[in-house]
Amino acid sequence: MFGRKNGRYAEQKQKKTDRDVISYEDVPLDDYEQEKTDMSPGAVKKIIISVCIVFVAGLIVFAFANRDKLTWDNISTWWTYDVLGNAGNGYPVDLVGSEVTADNFAVSQGHVAYVSDVSFVTLNSTASKIANYQISYSTPVLKSSGNRFLTYGLGGTCFEVYDFDSKLYTGETDEDIYTGDISDNGIYCIVTEGNGYLTTLFVYDENNNRIYKYYFSEYYITSVALNSDGSGCVAAGITSSDGAKTSGVYVLDFSSEDPESFYCIDDEAILDCKYLNNSKIALVGQTASYLITVGSESYTTNDYGDKTLANYCFNPDTNAYTLALSRSGDGRSCTLVQYNSNGEQVCSIDTEYKSESLSMYKNTMALLDGNTVYLYNTDGQLTYSGDTGTGSKSLILTSNSSLYLLSVNQIRYFDLGASSSETRQTSEETQ
């Protein structure tokens with residue numbers, strides 16, 4: 001018995017010469033353990049270090065790509081209201097008040113904010129009500145950027161500044177308010193009737209101290225937008241002479257008394273403006289859209305041709321904007337046209353639908369026609385269509401497959417990646 005070399009283990013190992021593959025079912029458990037190759041502590045250490053390096057590198061790339069959003073205020077809000085608690089019962093959730101207009105509905109980082117006829121309200125990702133402040137404007141307007149919000153009464157003199165969970169300031173102007181804007185670092189601006197001028201711009205820092213003032217003597221300013229760091233703005237206005245309308249566009253640097261640039265656009269009314277980034281500004285007019293490069297004397301014009309503007313949306317995250325241009329007089333049969341920050345056309349997609357609301361996220365565009373949402377990619381493919389429930393008014397994409405929707409009486413959330421049966425069920429529950 002003792003003359004047998006290496007015992008049973010050697011006998012089993014010899015079987016491997018008889019066939020190419022050995023089943024470990026043929027090897028007793030204690031012998032299988034002997035076959036395992038031990039990894040040296042040095043090799044394990046190298047693997048752990050490599051994994052850590054890759055993980056840290058990924059975090060650095062993610063942080064750099066989202067550096068504008070990874071502020072202390074945003075991180076604190078996410079940790080407080082999405083990680084530590086304040087859980088709600090989920091969407092849909094009923095509105096506070098009886099009416100919210102499509103323009104007074106915003107979503108930032110999964111957090112909803114809106115202004116109704118009676119309140120300013122914010123909700124976290126589980127529909128828990130975080131802020132609910134009463135307002136008293138006859139015609140309320142909401143402007144937002146990140147977790148900062150400006151509300152005012154159009155044609156009134158009162159305004160308020162909020163963050164996600166609190167009221168920061170209540171102010172009053174001497175003249176009626178025409179428009180305003182806010183940046184996510186707390187700098188905000190108000191445009192009022194001029195008191196000797198056509199309109200006047202007031203700019204305030206995060207401590208509500210006035211840091212800039214500009215008088216407009218030739219144009220009624222109807223739209224204003226701050227750049228991302230609140231160091232400047234674009235202001236678009238209109239005037240009329242002998243029945244002809246003319247738009248004036250001012251690019252202002254708050255460190256200078258004089259405009260950095262001025263543009264006069266004949267036979268046009270600018271409806272809205274937005275910084276796509278700190279050097280590119282998109283303007284949406286009644287007959288064309290325009291792209292301004294800050295510091296340049298000229299601008300790019302993209303004419304609507306024989307189409308009429310039905311809707312539009314900006315996306316500073318991708319430095320792009322999208323127009324819904326109707327090919328028929330009733331606003332239906334819209335063509336979705338997307339432009340990049342150079343004013344170059346990215347895509348043009350013909351649809352048979354009306355655009356009651358339009359939103360974009362990266363390479364996805366969402367179109368709301370009645371109570372149905374349609375998703376298109378920039379290749380022109382229809383990637384999704386589904387029911388959003390009765391009374392749908394406005395939608396905001398938050399990913400390529402998810403959106404928040406404002407209806408006449410609710411805020412709803414849709415995961416468009418869910419199965420069609422789940423989507424139908426969600427829609428039925430909201431009706």
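Heavy-atom basis, side chains included; hydrogens, waters and symmetry copies ignored.
Of the possible donor and acceptor atoms, one in the side chain of Thr122 sits under 3.5 Å from a partner among the backbone N and O of Ala131. Under a 3.5 Å cut-off, the side chain of Asn311 and the backbone N or O of Ser355 do form a donor-acceptor pair. Without hydrogens or angle criteria, Asn104 side chain to Pro140 main chain gives a donor-acceptor distance under 3.5 Å. Remark: side-chain polar atoms of Ser326 are paired, donor with acceptor, to backbone N or O of Ser328 under 3.5 angstrom. Looking at Glu356, its side chain does come within 3.5 Å of a backbone N or O of Gly370 through a donor-acceptor pair. Side chain of Asp117 to backbone of Ser98: a donor-acceptor contact under 3.5 angstrom is found. Of the possible donor and acceptor atoms, one in the side chain of Asn185 sits under 3.5 Å from a partner among the backbone N and O of Ile187. The closest donor-acceptor contact from the side chain of Ser119 to the backbone of Val121 lies at 3.5 Å or more, if one exists at all. Judged by distance alone, the side chain of Ser359 and the main-chain N or O of Leu397 form a donor-acceptor pair under 3.5 Å. A distance-only check finds no donor-acceptor pair linking the side chain of Ser145 to the backbone of Arg148 [under 3.5 Å].
The closest side-chain heavy-atom distance from Ile177 to Leu154 is not below 4.5 Å. With contacts defined as side-chain heavy-atom distances shorter than 4.5 Å, the pair Thr378/Gln338 qualifies. A 4.5 Å side-chain heavy-atom check between Tyr275 and Val251 finds at least one atom pair inside the cut-off. Within the 4.5 Å cutoff, side-chain heavy atoms of Leu283 are placed close to those of Ile292. Put simply, the side chain of Val337 does not reach to within 4.5 Å of the side chain of Lys307, judged on heavy atoms. Residues Ser108 and Phe164 are not in side-chain contact: their nearest non-hydrogen atoms beyond the backbone lie 4.5 Å or more apart. Side-chain contact check for Asn363 versus Val346: every heavy-atom pair is 4.5 Å or farther apart.
Remark: aromatic rings of Tyr404 and Tyr91 are close, center separation under 6.0 Å. Between Tyr339 and Tyr321, the ring centre distance stays below 6.0 Å.
Checked against Leu291 for a side chain to side chain contact (heavy atoms under 4.5 Å, CB included), the options Thr301, Leu276, Asn340, Ile281 give a single hit: Leu276. The one candidate from Phe149, Tyr114, Phe105, Tyr137 that meets the ring pair (Phe, Tyr, Trp, His ring centres under 6.0 Å) condition with Phe120 is Phe149.
For the residue pair Asp415/Ser402, the side-chain donor-acceptor check at 3.5 Å is not satisfied. Side-chain contact of Asp103 with Thr101: a donor-acceptor pair under 3.5 Å is absent, judged by distance alone. Looking only at atom types and distance, the side chain of Asn278 has a donor-acceptor partner in the side chain of Ser228 under 3.5 Å away. Thr335 and Arg327 are linked by a side-chain donor-acceptor pair at a separation below 3.5 angstrom, with hydrogens and angles left out of the test. Asn315 and Thr318 share a side-chain donor-acceptor pair at under 3.5 Å. Looking only at atom types and distance, the side chain of Ser407 has a donor-acceptor partner in the side chain of Asn409 under 3.5 Å away.
For Glu297, the CD atom is loosely surrounded, since the number of other residues' heavy atoms within 6.0 Å does not exceed 12. The environment of CD in Glu172 is crowded: more than 12 heavy-atom neighbours from other residues, nucleotides or ligands sit within 6.0 Å. A 6.0 Å sphere centred on CZ of Phe262 holds more than 12 heavy atoms belonging to other residues, nucleotides or ligands.
Classified by interplanar angle (parallel below 30°, tilted 30° to 60°, perpendicular above 60°), the ring pair Tyr374/Tyr353 is parallel. Using the six-membered ring where Trp is involved, Tyr250 and Phe216 have ring planes that are perpendicular, over 60° apart on the 30 and 60° scheme.
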Are Asn207 and Tyr169 close enough, and set up right, to give a side-chain hydrogen bond (donor to acceptor under 3.5 Å, both in side chains), and what steps lead you there? CA-CA 9 Å; Asn207 297 314; Tyr169 185 72; over 6 Å; no

Check the pair Leu309 / Leu323 against side chain to side chain contact (heavy atoms under 4.5 Å, CB included), numbers first and verdict last. CA-CA 7 Å; Leu309 180 68; Leu323 308 172; 4.2 Å; yes

Could you go through Asn400 and Thr364, starting from their C-alpha distance and side-chain angles, then the distance that decides it, and tell me whether this counts as side-chain hydrogen bond (donor to acceptor under 3.5 Å, both in side chains)? CA-CA 6 Å; Asn400 290 326; Thr364 301; 2.8 Å; yes

Assess the residue pair Val161 and Ile182 against the criterion (side chain to side chain contact (heavy atoms under 4.5 Å, CB included)); give the C-alpha distance rounded to whole Å, side-chain angles, the decisive distance to 0.1 Å, and a yes or no. CA-CA 9 Å; Val161 180; Ile182 192 167; 4.0 Å; yes

Between Thr179 and Tyr152, does a side chain to side chain contact (heavy atoms under 4.5 Å, CB included) hold up when you go through it step by step? CA-CA 8 Å; Thr179 186; Tyr152 58 86; 3.7 Å; yes

Can you check side-chain hydrogen bond (donor to acceptor under 3.5 Å, both in side chains) on Tyr133 and Glu160, steps first, answer last? CA-CA 10 Å; Tyr133 289 95; Glu160 292 168 321; over 6 Å; no

Under the criterion salt bridge (charged side-chain N to carboxylate O under 4.0 Å, His left out), I'd like the reasoning laid out for Asp369 against Arg332: C-alpha separation, chi angles, the key distance, then a yes or no. CA-CA 9 Å; Asp369 183 355; Arg332 295 192 174 274; 3.2 Å; yes

Start with the C-alpha gap between Tyr304 and Ser289, add the side-chain angles, then the distance that decides, and say whether side chain to side chain contact (heavy atoms under 4.5 Å, CB included) holds. CA-CA 8 Å; Tyr304 302 156; Ser289 68; 4.1 Å; yes

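Note that CG of Asp181 is 8.5 Å distant from SG of Cys233, once rounded to the nearest 0.5 Å. The distance from atom OG1 of Thr151 to atom NZ of Lys143, rounded to the nearest 0.5 Å, is 12.0 Å. To the nearest 0.5 angstrom, Ile190 atom CD1 is 14.0 Å from Tyr178 atom OH. For the atom pair OG1 (Thr372) and OH (Tyr384), the distance works out to 9.5 Å, reported to the nearest 0.5 Å. Note: Lys354 NZ to Asp330 CG = 6.5 Å, rounded to the nearest 0.5 Å. Note that NZ of Lys167 is 4.5 Å distant from OH of Tyr162, once rounded to the nearest 0.5 Å.
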Listed pairs under 3.5 Å, donor-acceptor, residues 236-246 side chains, sequence neighbours left out:
residue : atom : partner : partner atom : Å
Thr239  : OG1  : Glu218  : O            : 3.4
Lys245  : NZ   : Gln286  : OE1          : 2.6

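Residues Ala282 and Phe314 share a closest heavy-atom pair of CB-CE2, 3.8 Å. Thr200 approaches Gly194 most closely through the heavy-atom pair OG1-O, 3.3 Å.
For Tyr376, the ring-ring contact (aromatic ring centres under 6.0 Å, His included) criterion is met by no residue, not counting sequence neighbours.
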